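Some notes on the structure that comes next.
Here the structure is a predicted model, which means the values were calculated and not measured.
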Amino acid sequence: MYAFLSRGLGRGLLRAAGRRCWGCSARLLPEPAGGPRPEAKGPPPRVALHRRGPGLLPLVAALAWFSRPAAEEEERPPDAAADAVEAKIIQLLKRAKLSIMKDEPEEAELILHDALRLAYQSDNKKAITYTYDLMANLAFIRGQLENAEQLFKATMSYLLGGGMKQEDNAIIEISLKLASIYAAQNRQEFALAGYEFCISTLEKKIEREKELTEDISAEEKANTHLLLGICLDSCARYLLFSKKPSQAQKMYEKALQISQEIQGERHPQTIVLMSDLATTLDAQGHFDEAYLYMQRASDLAREINHPELHMVLSNLATILMHKERYTQAKEIYQEALKQAELKRDEVSVQHIREELAELSRKKSRLLT
């Protein structure tokens with residue numbers, strides 16, 4: 001029985017309202033400690049590679065920059081021609097976003113190149129930065145990791161060159177994307193260094209922000225905490241796939257605490273993190289503790305009709321099988337199978353059927 005990772009729902013790191021949310025994706029459990037493992041090549045990113053849009057500095061944020069009141073912009077005389085070019089860039093970015101949503105990546109790439117050309121011609125540094133960022137995200141979700149790496153670095157260079165600090169959340173988000181790329185490429189030293197930078201920088205920032213009650217809003221502080229949770233979650237997944245479950249466990253525990261405090265126990269991502277924490281406990285052979293977390297996760301997933309309920313249930317059944325509670329495991333697997341069929345998740349359907357077959361073989365051996 002091999003580790004299985006879902007395709008993820010691929011939510012962006014930033015929302016239109018400025019609130020953050022992890023991309024929700026539970027994964028089916030690997031074998032317990034000592035069992036067979038797949039060769040780790042770095043965890044797949046939790047973004048849907050076929051239907052979701054950019055995640056770091058999304059189109060909405062870019063448009064917000066361009067449409068700010070004049071008093072907030074750098075002082076410069078009105079320029080009708082520049083305004084017209086800026087409006088054209090915004091229109092191109094809208095079209096690119098639509099093409100991405102329609103799963104037309106080639107069309108989106110062509111439109112973004114047009115936007116970048118206009119941004120350079122008009123020397124609009126903000127437009128250049130955001131267009132690079134959208135291009136980087138498009139390359140990332142298409143799996144073009146080397147191209148995405150260069151584009152993210154270009155985006156970061158423009159942001160830092162414009163005076164943005166290294167501890168700014170936008171810089172951290174790009175650094176996290178780069179760390180995820182290195183993880184997917186199995187460049188362990190770079191991946192771990194990237195995760196460490198993101199986590200340590202945010203932890204220091206949060207400590208400083210405790211004293212700044214007037215200058216920073218509660219929402220901004222919550223966003224920084226949630227970004228730390230995202231970084232912990234991503235690093236934990238890489239550690240788990242690198243066969244370091246005890247280290248991953250510590251990361252998941254911190255991420256789960258953040259999600260519970262900021263988003264609540266019933267939030268879809270909190271449930272995912274409970275499932276992920278159970279994964280690490282199961283991988284270490286701590287089946288009883290893993291069962292407690294997974295049972296709670298499955299109860300909550302049922303209550304809110306979690307979009308990946310079938311995967312949480314399959315995780316629960318796996319732990320029950322490890323605990324040799326075969327009758328219960330079969331019942332939960334069958335429930336998970338029905339849910340997966342309703343969602344038309346063929347990959348999960350196949351996996352659960354294989355687990356049911358393995359369960360039958362285990363029961364047969366006990367009877368002989």
Please report the interatomic distance [atom1]([X]) to [atom2]([Y]), rounded to the nearest 0.5 Å.
X: I258; Y: Q263; atom1: CD1; atom2: CD; value: 10.0 Å
X: E335; Y: I352; atom1: CD; atom2: CD1; value: 10.5 Å
X: L134; Y: L151; atom1: CG; atom2: CG; value: 10.5 Å
X: S348; Y: L313; atom1: OG; atom2: CG; value: 11.5 Å
X: T131; Y: Y120; atom1: OG1; atom2: OH; value: 9.5 Å
X: Q269; Y: L226; atom1: CD; atom2: CG; value: 10.0 Å

* Can you tell me if E146 and Q150 form a side-chain donor-acceptor pair at under 3.5 Å? ->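 Short answer, no.
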* To do: Answer with yes or no whether the side chains of Q350 and E346 bring together a donor and an acceptor at under 3.5 Å.
  =>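 No.
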I want to check something: taking the side chain as every heavy atom from C-beta on, are [X] and [Y] in contact at a cut-off of under 4.5 Å?
X: L320; Y: Y326; result: no
X: H306; Y: V272; result: yes
X: H286; Y: T280; result: no
X: K177; Y: S180; result: no
X: L110; Y: E106; result: no
X: L300; Y: E303; result: yes
X: E149; Y: F140; result: no
X: L239; Y: L192; result: yes

Using a strict 4.0 Å threshold on nitrogen-to-oxygen distance, state whether [X] and [Y] make a salt bridge.
X: E308; Y: K343; value: no
X: K210; Y: E207; value: yes
X: K323; Y: D288; value: yes
X: E104; Y: R95; value: no
X: E358; Y: R361; value: yes

For [X] against [Y], the heavy-atom pair lying closest together:
X: A119; Y: I128; value: CB-CG1, 3.6 Å
X: I181; Y: A148; value: CD1-CB, 3.9 Å
X: A301; Y: I271; value: N-CD1, 3.8 Å
X: A108; Y: I100; value: CB-CG1, 3.6 Å
X: L309; Y: S298; value: CD1-O, 4.3 Å
X: C198; Y: C231; value: CB-SG, 3.7 Å

* side-chain hydrogen bond (donor to acceptor under 3.5 Å, both in side chains) evaluation trace for N169 with E173 -> CA-CA 6 Å; N169 287 1; E173 289 163 357; 5.5 Å; no
* ring-ring contact (aromatic ring centres under 6.0 Å, His included) partner of F190, chosen from Y182, F197, Y195, Y238 -> Y182
I'd like to know if the side chain of [X] and the backbone of [Y] have a donor-acceptor N/O pair within less than 3.5 Å.
X: T129; Y: K125; value: yes
X: H225; Y: K221; value: yes
X: S275; Y: V312; value: no
X: N137; Y: D133; value: yes

* Asked: Which is it for Y333 and T318 under the side-chain hydrogen bond (donor to acceptor under 3.5 Å, both in side chains) test, yes or no, and what are the steps along the way?
  -> CA-CA 8 Å; Y333 270 135; T318 300; 3.0 Å; yes
* Q257 pairs by side chain to side chain donor-acceptor pair (under 3.5 Å) with which of E261, K254, Q260? -> E261
* Asked: Going through the distances and angles, do E253 and Q249 end up as a side-chain hydrogen bond (donor to acceptor under 3.5 Å, both in side chains)?
  -> CA-CA 6 Å; E253 288 171 344; Q249 178 186 337; 3.0 Å; yes
* Could you walk me through whether S217 and E220 pass the side-chain hydrogen bond (donor to acceptor under 3.5 Å, both in side chains) check? -> CA-CA 5 Å; S217 68; E220 286 180 286; 3.3 Å; yes
* M294 vs M274, side chain to side chain contact (heavy atoms under 4.5 Å, CB included): CA-CA, chis, key distance, verdict -> CA-CA 7 Å; M294 196 63 73; M274 285 183 191; over 6 Å; no
* Is it true that atom CD of E189 has more than 12 heavy atoms of other residues, nucleotides or ligands lying nearer than 6.0 Å? -> no
* Within a reach of under 6.0 Å around NZ of K205, are more than 12 heavy atoms found that belong to other residues, nucleotides or ligands? -> yes
* Show your working on salt bridge (charged side-chain N to carboxylate O under 4.0 Å, His left out) between K362 and E324 and close with a plain yes or no. => CA-CA 9 Å; K362 285 181 180 289; E324 299 183 354; over 6 Å; no
* Apply side chain to side chain contact (heavy atoms under 4.5 Å, CB included) to the pair I174 and L159, showing each step before the final yes or no. => CA-CA 10 Å; I174 296 176; L159 290 173; 3.7 Å; yes
